Number of protein chains: 2
Amino acid sequence: MSDCDTCLVRNRAICSALMPDELAVLSKLGRKQNVTRGQTLVWEGDESLVVANVIQGVLKLSVSTQDGREQIVGVVFPSDFIGRPFGKESPYGVTALTDAEVCIFTRTAFDGFAKEHPDLQHKLLQRTLDELDRARQWMMLLGRKTASERIATLLIEISDRLGAVGCSAIAPFLDKFELPMDRQQMGDLLGLTIETVSRQLTKLKEAEIIELPDRRSVVIKDRRRLENIATAA
Amino acid sequence: MSDCDTCLVRNRAICSALMPDELAVLSKLGRKQNVTRGQTLVWEGDESLVVANVIQGVLKLSVSTQDGREQIVGVVFPSDFIGRPFGKESPYGVTALTDAEVCIFTRTAFDGFAKEHPDLQHKLLQRTLDELDRARQWMMLLGRKTASERIATLLIEISDRLGAVGCSAIAPFLDKFELPMDRQQMGDLLGLTIETVSRQLTKLKEAEIIELPDRRSVVIKDRRRLENIATAA
DNA sequence: AGTCCGCATTGACCTAAGTCAAGCAAACGA
DNA sequence: TCGTTTGCTTGACTTAGGTCAATGCGGACT
């Protein structure tokens with residue numbers, strides 16, 4: 001891999017657990033790779049051959065039924081880790097939602113390196129625990145929330161996670177942002193149809209809680225009210 | 001804690017990563033505790049003060065909305081690990097579904113010990129990754145499956161996990177078992193109401209796919225067909 | 001400028017699951 | 001032994017969200 005020193009996510013990715021000399025070793029094992037929107041990095045059910053760090057862009061993790069229903073089970077942002085280390089086939093596919101850049105490793109090479117580096121494993125454990133918490137919050141959404149609660153929650157969540165990627169000191173709340181996905185993908189993430197997503201968005205727009213300047217943009221005009229809807233308060 | 005040597009789950013819990021002398025140290029930090037059905041070990045939103053291994057019994061992890069809707073986001077069986085190590089408040093409550101016995105540690109003591117024992121952390125990481133995969137499969141269920149698919153999936157899942165606890169060499173498929181939860185809890189786990197759970201169970205009974213000898217027992221009469229329903233094949 | 005084309009929106013209608021309200025039966029306590 | 005409670009089932013009705021079918025609209029290409 002070319003150059004960890006200039007990596008956009010070097011302070012936030014799991015690599016930040018490593019000392020410079022260790023990082024040099026790891027960097028030899030990986031390489032940067034560009035991925036274009038829609039490209040699939042890992043197929044659901046395939047043996048888990050690679051893991052990666054996201055440098056730029058947004059990717060989805062998704063599961064499908066035989067008859068084609070799809071559920072997005074995770075969305076990864078810059079500095080997040082992708083893949084299933086330590087054996088096992090990948091129970092979900094990984095596909096780019098936007099053009100992206102990842103720092104990719106073969107799973108076996110990464111596993112071997114990780115075994116020797118407890119600090120890296122520790123970071124990975126913390127990240128996995130956080131991801132598990134997030135997955136569980138999403139289970140509540142999928143199991144018990146109404147369509148409008150789901151949409152509101154999604155907008156807040158995306159705003160927060162995009163905000164965390166940028167400089168949060170300058171822009172603590174990101175009230176204007178680009179959706180990293182289309183309506184269908186929002187539906188696949190929320191367990192709704194595209195039509196319901198669309199209807200709920202126009203409802204929020206008509207209530208003047210958000211604006212939709214174009215198909216991909218969202219402006220949050222009344223964050224407080226949006227949060228109230230999201231938490232069913 | 002009294003005695004790891006005779007612990008029912010010593011070969012399967014994360015403790016199995018440790019050497020005898022290390023285990024002796026860990027055992028000093030924990031103690032066995034009995035929990036009765038319905039008792040809550042950790043409250044949702046409380047600071048995470050304890051972690052534990054499950055020795056016997058079944059517990060639920062659950063999240064609630066302000067207005068009282070509940071979603072069960074995880075079910076833990078003997079040898080599973082409970083709690084949120086390394087800081088943070090617990091985003092879910094932990095409550096016993098059956099009488100249970102756990103081996104409990106204060107979080108800080110456990111964290112300290114884990115930091116010194118990479119093998120233990122490695123086990124914990126693998127377990128957390130598995131748990132995350134399971135949570136994601138459940139997201140597919142909650143987001144995209146119909147009521148009958150959900151019920152069928154639940155019965156298969158409980159049968160499998162109870163089977164894994166017992167001796168799977170003797171009983172590879174557990175076709176008769178006790179549900180570790182009531183109808184309401186099945187609903188909370190599946191994102192359904194109690195009435196829908198009941199109706200779907202009677203439908204499976206009338207199709208002669210299962211039997212329901214009493215409120216807590218299930219007999220799987222036609223596993224193949226049940227699996228077909230579960231996977232929407 | 002005009003015409004595709006891929007999304008997104010909107011409307012009319014349908015249905016799976018929720019709600020509300022009885023019944024019912026095993027377990028429980030007097 | 002008989003109420004009472006607690007959990008489960010069943011039935012009648014409602015509804016949130018899905019389905020199907022137009023329609024709209026902005027961006028890319030000729």
Side-chain angles (χ1 to χ4, degrees), chain A residues 36-38 65 67-71 97-99 141-155 178-207 210-219 229 232, chain B residues 36-38 60 65 67-72 97-99 141-155 178-207 210-219 229 232:
Chain A
T36 59
R37 176 195 290 195
T65 53
D67 61 349
R69 283 171 279 172
E70 174 168 336
Q71 176 66 44
L97 290 173
T98 66
D99 289 346
L141 176 146
L142 293 170
R144 294 302 191 194
K145 287 192 178 179
T146 64
S148 50
E149 288 163 6
R150 293 183 199 203
I151 291 282
T153 307
L154 177 64
L155 295 179
E178 296 270 294
L179 292 168
M181 64 189 79
D182 63 27
R183 298 290 187 268
Q184 180 60 58
Q185 289 158 343
M186 293 174 75
D188 290 342
L189 184 50
L190 296 172
L192 298 171
T193 59
I194 189 171
E195 292 95 332
T196 301
V197 169
S198 180
R199 281 189 251 268
Q200 294 298 332
L201 283 173
T202 49
K203 241 182 61 186
L204 287 176
K205 188 177 66 182
E206 281 167 1
I210 61 169
E211 267 175 70
L212 300 167
D214 64 78
R215 25 183 84 182
R216 289 264 169 175
S217 308
V218 176
V219 180
I229 294 171
Chain B
T36 59
R37 176 195 290 194
K60 69 170 180 178
T65 54
D67 61 349
R69 283 170 281 172
E70 174 168 335
Q71 177 66 45
I72 296 180
L97 290 174
T98 66
D99 289 347
L141 177 147
L142 292 170
R144 292 305 190 194
K145 287 193 177 178
T146 64
S148 51
E149 289 163 5
R150 293 184 199 202
I151 291 281
T153 307
L154 177 65
L155 294 179
E178 296 269 294
L179 293 168
M181 62 190 79
D182 62 28
R183 298 289 187 270
Q184 180 61 57
Q185 290 158 343
M186 293 173 75
D188 291 342
L189 184 51
L190 296 171
L192 298 172
T193 58
I194 189 172
E195 293 95 331
T196 301
V197 169
S198 179
R199 281 189 251 267
Q200 294 298 333
L201 283 173
T202 49
K203 241 181 62 185
L204 288 175
K205 188 177 66 184
E206 280 166 2
I210 61 168
E211 268 175 68
L212 301 167
D214 65 79
R215 24 184 82 181
R216 289 267 172 173
S217 307
V218 176
V219 180
I229 295 171

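The shown structure was predicted, so the numbers you read here are calculated from the model rather than taken from an experiment. In what follows, every heavy atom counts, from backbone to side chain, and hydrogens, waters and symmetry copies are set aside. Residue numbers start from 1 in every chain, and the chains themselves are labelled A, B, ... in the order their sequence lines are given, proteins ahead of strands.
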Problem - Residue-phosphate contact under 4.0 Å: A:Thr146 side-chain N/O, D:dA16 OP1/OP2 - result: no

Practice task
Please state whether the base of D:dT19 and the side chain of A:Arg199 form at least one donor-acceptor pair under 3.5 Å?
Solution key: yes

Handout entry: Whole angstrom value for the distance that separates P of C:dT9 from NZ of A:Lys205
Key = 7 Å

Handout entry: Rounded distance (Å) that lies between atom P of D:dG17 and atom CG of A:Leu201
Key = 14 Å

Problem - Contact check, side chains of A:Leu201 and A:Val197, non-hydrogen atoms, under 4.5 Å - result: yes

Exercise for the section: For A:Arg215, report the nucleic acid contact type (base, sugar-phosphate, nothing); a contact means any heavy atom under 4.0 Å. Expected result: base

Handout entry: base_contact_polar (C:dC7 base, A:Gln184 side chain, donor-acceptor, <3.5 Å)
Key = no

Handout entry: Presence of donor-acceptor pair under 3.5 Å, side chain of B:Arg216 and base of D:dG7
Key = no

Fill in the blank from the handout: Between CZ of B:Arg183 and P of C:dA17 the distance, given in whole Å, is 18 Å

Exercise for the section: Nearest whole angstrom, please: distance from the P of C:dA17 to the NZ of B:Lys145. Expected result: 13 Å

Exercise for the section: Answer yes if the side chains of A:Ser148 and A:Lys203 hold a donor-acceptor pair under 3.5 Å, and no otherwise. Expected result: no

Exercise for the section: Could you check which of D:dG17, D:dC8, C:dG18 has an atom nearest any side-chain atom of A:Leu192? Expected result: D:dG17

Practice task
Look at A:Thr196 and D:dG18 and indicate whether a side-chain polar atom (N or O) is within less than 4.0 Å of OP1 or OP2.
Solution key: yes

Exercise for the section: Looking only at side-chain atoms of B:Gln200, point me to the closest of D:dT19, C:dA17, D:dC8. Expected result: C:dA17

Practice task
Using the closest heavy atom to pick a nucleotide of DNA chain C for each, name whichever of A:Met181 or A:Arg144 lands nearer the 5' end.
Solution key: A:Met181

Handout entry: Distance-only donor-acceptor test, B:Glu195 side-chain atoms vs D:dC8 base atoms, 3.5 Å
Key = no

Handout entry: Integer-rounded Å distance: C:dT9 P and A:Asp214 CG
Key = 11 Å

Practice task
Let me know the distance between CZ of A:Arg69 and P of C:dA16, rounded to the nearest Å.
Solution key: 13 Å

Exercise for the section: Starting at atom CD1 of A:Ile194, determine the distance to atom P of C:dG6, rounded to an integer number of angstrom. Expected result: 14 Å

Handout entry: Pair B:Glu178 + B:Arg215, salt bridge at N-O below 4.0 Å
Key = no

Exercise for the section: State, with a plain yes or no, whether a side-chain heavy atom of B:Gln71 is found less than 4.5 Å away from one of B:Thr65. Expected result: no

Handout entry: Between C:dT9 (C1') and A:Lys203 (NZ): distance, integer Å
Key = 16 Å

Handout entry: SB check B:Arg69 A:Glu149 (cutoff 4.0 Å)
Key = yes

Practice task
Quick one: label B:Gly191 by what it contacts on the DNA or RNA (base, sugar-phosphate, nothing), any heavy atom closer than 4.0 Å.
Solution key: sugar-phosphate

Problem - Presence of B:Ser198 side-chain N/O under 4.0 Å of D:dT10 phosphate oxygens OP1/OP2 - result: no

